[in-house]
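Working notes, structure below.
As the structure lists them, so they are numbered: ligands from 1, and atoms in each ligand from 1. Just so it is clear, the model here is predicted, and its values are computed rather than measured. Count residues from 1 along the sequence.
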Amino acid sequence: MRFDVFTLFPRMFDSPFAESIIHRAIKAGLIEIHTHDIRAYATDKHRTTDDYPFGGGTGMVMKPEPIFAAVESVLGVPLPPDVPIILMTPSGRTFNHALAQALAQHQRIALICGHYEGVDERVREHLCTDAISIGDYVLTGGELAAMVVIDAVARLVPGVLPPEATQDESHASGLLEYPQYTRPAEFRGWRVPEVLLSGNHAAIARWRREQAEARTRARQAQLQHTAPAPAAQLKVE
Ligand code: 6GU
């Protein structure tokens, strides 16, 4: 699987993918991560990539021309219809495990990292096939968010992890994971639950299921408490 990342800060992607599982997957030829510097596709003397917003307001907006030029140069024209072109922006749809699984079905995906106050809307409308946020907070740019998406998708590519690793994990099965323990059986007076030391595999499976269900219920209750107020209660400034 190949990831093409379009960014003003390509070096940000170097060290996160030079370690651990993703690094091994790249060395094994299972995934490729290609970064492309949007600035290299700016054609004016100063290689300008941003400009003032029409209509006024604070901050700068990323210009459409270098982004279109970069994506069209790398993906080709006409753009391949089977390659998702994703704008990373806090106003996109929220990333989750189901979306990671859907993206992992593609052989290639392109990610465009927004920066500053935003990206000219014509990029989203006429170049991108999707817009993704990684959560309800604002980052200084889309780069860290793109890395999160790449990591979550790459680990689902066959061969990156052992096949059983992605089967029961939190969010895949609809249940959160049960607690895990390793040696020592007692650490600072805290003992590992006895059932795990019992060798009774049916009892262990039952205990794990109960724990996973209890965690999932606790998380759901927490989500209820953080849910937005009903529209009628929201104050409009
Ligand atoms: Cl994709 N970009 C930025 N700038 N902030 C975010 C985000 C993306 N997802 C959550 N916050």
**Side-chain donor/acceptor of Q105 to backbone N/O of Q101, under 3.5 Å** = yes
**Asked** What is the closest protein heavy atom to atom 11 (N) of ligand 1, and at what distance does it sit?
**Response** Y137 O, 2.6 Å
**Request:** Distance to 0.1 Å, residue and atom name: give those for the protein heavy atom nearest to atom 1 (Cl) of ligand 1.
**Result:** T89 N, 3.1 Å
**Asked** So R209 and E213, salt bridge (Lys or Arg N to Asp or Glu O under 4.0 Å) or not? Walk me through it.
**Response** CA-CA 6 Å; R209 178 89 199 174; E213 286 170 356; 2.9 Å; yes
**Asked** Per the side-chain contact (heavy atoms from CB on, under 4.5 Å) rule, which among I112, D51, I38 passes with M62?
**Response** I38
**Item:** Criterion side-chain contact (heavy atoms from CB on, under 4.5 Å) against T35, the qualifying member of F9, F6, F13
**Value:** F13
**Asked** Any heavy atom of G135 sitting closer than 4.0 Å to ligand 1?
**Response** yes
**Prompt:** Should the proximity of I132 to ligand 1, defined as any heavy atom under 4.0 Å, be assigned to the side chain, the backbone, both, or neither?
**Reply:** backbone
**Message:** Under 4.0 Å, heavy-atom basis, I'd like to know which part of P90 is in contact with ligand 1: side chain, backbone, both or neither.
**Reply:** both
**Asked** With atoms numbered from 1 as shown, which atoms in ligand 1 lie under 4.0 angstrom from a non-hydrogen atom of A145?
**Response** 1 (Cl), 8 (C)
**Prompt:** If you measure only the distance, is there a donor-acceptor pair under 3.5 Å linking the side chains of T48 and R39?
**Reply:** no
**Asked** Is there a donor in the side chain of H106 and an acceptor in the side chain of D82, or the other way round, less than 3.5 Å apart?
**Response** no
**Option nearest atom 5 (N) of ligand 1 (shortest heavy-atom distance, choices L87, I134, I112, L139)** = L139
